[in-house]
Protein chains: 2
Amino acid sequence: MEALLSNIQIQVNEKIFQKDPTSSDLGQKILRESLSMIDELGLENFTFKKLALRLNTTESSIYRYFENKHKLLIYHVSWYWSWLSYRLVFATANMQDPSAKLEKAIHLLVHPCQGYEDLKTYDIKTLQRIIIHESSKAYLTKEVDEDNKEGFFSAYKDFCSRLVAFIKESQPAYKFPSSLVATTIEGIHLQKYFKEHLPSLSDAKKGDQDIELMFSKFILNTINH
Amino acid sequence: MEALLSNIQIQVNEKIFQKDPTSSDLGQKILRESLSMIDELGLENFTFKKLALRLNTTESSIYRYFENKHKLLIYHVSWYWSWLSYRLVFATANMQDPSAKLEKAIHLLVHPCQGYEDLKTYDIKTLQRIIIHESSKAYLTKEVDEDNKEGFFSAYKDFCSRLVAFIKESQPAYKFPSSLVATTIEGIHLQKYFKEHLPSLSDAKKGDQDIELMFSKFILNTINH
DNA sequence: TGTTTATGAAAGTATTACTATCAATATTGT
DNA sequence: ACAATATTGATAGTAATACTTTCATAAACA
């Protein structure tokens with residue numbers, strides 16, 4: 001399984017990049033180091049200039065892979081959701097009970113890296129921090145509609161639609177499955193963030209068990225009542 | 001009531017600004033026009049230079065009121081939450097049933113401008129669009145912790161704590177009131193956004209009734225089961 | 001061997017995000 | 001009425017950001 005997973009290739013929409021960053025050494029370095037720099041500096045303070053400096057390369061070389069840092073962010077975000085979908089399909093393959101599948105999905109959202117801490121290109125722990133801190137900036141822009149048309153959010157929407165399918169399987173009568181899924185996913189991320197930075201807006205204690213428990217109950221209660 | 005409301009002064013934490021923008025004509029113009037420009041351009045494309053041009057003033061004059069556009073955003077966000085708290089206190093003053101108070105709160109979150117479309121400085125409809133599109137950028141930064149220490153998010157936290165109080169009144173046993181409130185508030189905003197821009201992540205139809213209904217049921221179900 | 005392809009090096013532009021200085025004009029205090 | 005003070009405008013300047021362009025060089029590939 002480990003071996004299998006270290007060989008899988010997550011596919012990312014080709015319109016996101018100018019040149020496929022997985023196709024070269026430099027491209028992979030750009031992915032790896034941009035991830036860790038965005039994590040350290042935050043998206044606002046991260047620049048291609050700084051990344052070039054760190055990689056001992058030039059701005060122009062980086063621009064050959066990504067048009068700008070927005071696209072680079074979208075790349076990371078897309079990769080994350082493709083990866084989580086993959087994990088979800090794997091983890092729920094042998095499950096019958098849709099409630100159990102939902103619980104598994106919540107578990108994955110809360111602990112996306114359990115068992116897969118070290119992939120070649122991606123440090124999943126860092127990637128999840130970036131998803132939590134920065135991913136909403138990928139769609140909260142004036143260019144959402146264009147970006148959406150280009151399919152930049154399809155990995156995210158695809159993951160959501162899998163959870164929606166579980167809900168429909170479990171409770172076909174529930175009227176707001178898509179809204180509930182989106183609220184749950186973003187709610188989990190927000191709670192992880194608030195727990196650290198605005199603790200009065202969270203009841204979660206040190207670990208992540210509270211968050212997992214809360215959202216599991218929350219989603220199952222909502223569809224079953 | 002109209003007259004009363006047009007005289008109320010919403011107080012904003014003094015550390016947010018360099019010079020109180022309500023204290024002068026230019027300051028009020030800065031508030032009014034920055035709001036409409038952020039709405040039109042989005043926070044990323046909005047600059048003090050462009051605002052200065054629109055106001056027939058200079059960048060330096062604007063910098064006398066706000067250190068940077070992040071602080072200006074925080075000002076608008078704080079004002080919004082103070083205003084909503086004020087509305088909430090008013091609207092729930094004569095209510096006994098905490099569930100009804102929660103429903104009222106949801107209603108206000110979904111329709112914050114009903115009855116108060118035109119205030120002098122603030123166009124509440126525009127303000128709410130900015131809250132939906134931009135407010136998470138106020139706290140999703142590397143400077144959250146410092147900003148939080150300065151009290152920049154206290155208006156938001158204060159509003160949340162009012163809803164938490166309602167939940168505790170209604171269901172003292174519910175374990176995650178703060179998390180539920182934060183999830184609900186941000187969920188409402190996100191659904192309003194997704195309804196427009198990523199409709200596959202929402203079940204809401206044209207109006208906002210669906211969103212109101214969904215979150216009302218959602219919060220009451222969650223605490224009562 | 002010749003030719004794509006990938007990277008590096010250097011330079012340049014427009015915009016952003018400020019800061020500083022000084023003059024002109026209002027406002028206020030006595 | 002006059003001096004002191006606050007407010008704004010005008011101008012200029014700096015460092016960083018977000019790119020684009022051109023040209024040289026080295027590696028890969030056919």
Side-chain angles (χ1 to χ4, degrees), chain A residues 14-34 37-38 40-76 121 134 137-138 141-143 146-147 152, chain B residues 14-34 37-38 40-76 121 134 137-138 141-143 146-147 152:
Chain A
E14 295 198 350
K15 286 180 185 161
I16 295 173
F17 48 77
Q18 313 268 103
K19 184 193 296 191
D20 185 354
T22 63
S23 71
S24 74
D25 198 53
L26 180 62
Q28 286 174 299
K29 275 184 201 158
I30 288 171
L31 292 179
R32 223 186 356 260
E33 292 302 314
S34 67
M37 286 189 85
I38 293 171
E40 284 165 33
L41 304 174
L43 189 67
E44 285 71 30
N45 304 316
F46 165 79
T47 68
F48 279 5
K49 180 109 196 172
K50 290 173 186 168
L51 178 59
L53 219 69
R54 174 118 131 209
L55 294 177
N56 270 313
T57 181
T58 58
E59 277 183 278
S60 54
S61 294
I62 295 171
Y63 278 106
R64 283 182 189 116
Y65 288 89
F66 293 100
E67 212 186 316
N68 50 48
K69 72 176 172 182
H70 180 237
K71 291 273 176 70
L72 176 54
L73 173 67
I74 285 179
Y75 187 98
H76 287 308
T121 17
E134 320 289 1
K137 297 169 193 169
T141 70
K142 281 285 159 183
E143 296 81 32
E146 298 158 40
D147 288 356
F152 293 169
Chain B
E14 296 199 350
K15 286 180 186 161
I16 294 172
F17 48 79
Q18 314 267 103
K19 184 193 295 192
D20 185 354
T22 63
S23 72
S24 73
D25 198 53
L26 179 61
Q28 285 173 299
K29 276 184 200 156
I30 289 172
L31 292 180
R32 224 188 354 260
E33 292 303 313
S34 67
M37 287 190 85
I38 293 171
E40 284 165 34
L41 303 175
L43 190 67
E44 286 71 31
N45 303 316
F46 165 80
T47 69
F48 278 6
K49 181 110 196 172
K50 290 172 186 169
L51 178 60
L53 218 67
R54 175 117 131 210
L55 294 178
N56 270 313
T57 180
T58 58
E59 277 182 276
S60 53
S61 293
I62 295 171
Y63 278 107
R64 283 181 189 117
Y65 287 89
F66 293 100
E67 213 185 315
N68 49 48
K69 71 175 171 184
H70 180 236
K71 290 273 175 73
L72 176 55
L73 173 66
I74 286 179
Y75 186 98
H76 287 309
T121 18
E134 319 290 0
K137 297 169 192 168
T141 70
K142 282 285 159 184
E143 296 80 31
E146 298 158 41
D147 287 356
F152 293 170

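Below, chain A is the first sequence line, B the second, and so on; all start at residue 1.
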Query raised in the report: What is the distance, rounded to the nearest whole Å, between atom CG of A/Leu43 and atom P of D/dA18?
Result: 9 Å
Report task. Please determine if a side-chain N or O atom of B/Ser61 lies less than 4.0 Å away from the OP1 or OP2 oxygen of D/dG9. Result -> yes
Query raised in the report: Hey, does the side chain of A/Tyr65 come within less than 4.0 Å of C/dA6's phosphate (OP1/OP2), counting only N and O?
Result: no
Requested in this report: Rounded to the nearest angstrom, tell me the gap between atom NZ in A/Lys29 and atom C1' in C/dT7.
Outcome: 11 Å
Query raised in the report: Minimum heavy-atom separation for B/Tyr75 to B/Phe17, with atom names?
Result: CE1-CD2, 3.6 Å
Query - B/Thr47: side chain to side chain donor-acceptor pair (under 3.5 Å) partners, not counting sequence neighbours - result: none
Query raised in the report: Do NZ/NE/NH1/NH2 and the carboxylate oxygens of B/Glu40 and B/Arg54 come within less than 4.0 Å?
Result: yes
Query - Residues, nucleotides or ligands: over 12 heavy atoms within 6.0 Å of A/Lys142 NZ - result: yes
Report summary line: Taken in chain and number order and not counting sequence neighbours, the residues that satisfy ring-ring contact (aromatic ring centres under 6.0 Å, His included) with A/Phe48 are A/Tyr63
**Report entry** Contacts of type side chain to side chain donor-acceptor pair (under 3.5 Å), residue A/Gln18, not counting sequence neighbours
**Finding:** none
Query raised in the report: Reckon A/Phe66 touches a base, only the sugar-phosphate, or nothing at all at heavy-atom distances under 4.0 Å?
Result: nothing
Query - Value in whole Å for how far the C1' atom of D/dA6 lies from CG of B/Asp20 - result: 15 Å
Query raised in the report: Which atom names give the shortest non-hydrogen contact between B/Leu41 and B/Lys50, and what distance separates them?
Result: CD1-CD, 3.9 Å
**Report entry** Set of side chain to side chain donor-acceptor pair (under 3.5 Å) partners for B/His76, sequence neighbours left out
**Finding:** B/Ser34, B/Tyr122
Query raised in the report: For B/Gln18 and D/dA6, what is the distance between atoms CD and P respectively, to the nearest whole Å?
Result: 16 Å
Query raised in the report: Nearest-Å distance, CG (A/Leu53) to P (D/dT17)?
Result: 11 Å
Write out a two-atom table: protein N or O, nucleotide N or O from nucleotides 26-30 of chain D, distance below 3.5 Å.
none

Query raised in the report: Tell me: CG of B/Leu26 to C1' of C/dT25, nearest whole Å?
Result: 14 Å
Query - Short N-O contact, B/Lys137 and A/Glu44, less than 4.0 angstrom - result: no
Report task. Please state how far atom CD1 in A/Ile30 lies from atom C1' in C/dA6, giving the value in whole angstrom units. Result -> 12 Å
Report summary line: B/Asp25 atom CG is separated from C/dA26 atom P, nearest whole Å, by 13 Å
Requested in this report: Using a 4.0 Å cut-off on protein heavy atoms (strictly under), produce a 5'-to-3' string for nucleotides 14-22 of chain C with B for base contact, S for backbone-only sugar-phosphate contact, and - for none.
Outcome: --SSBBB--
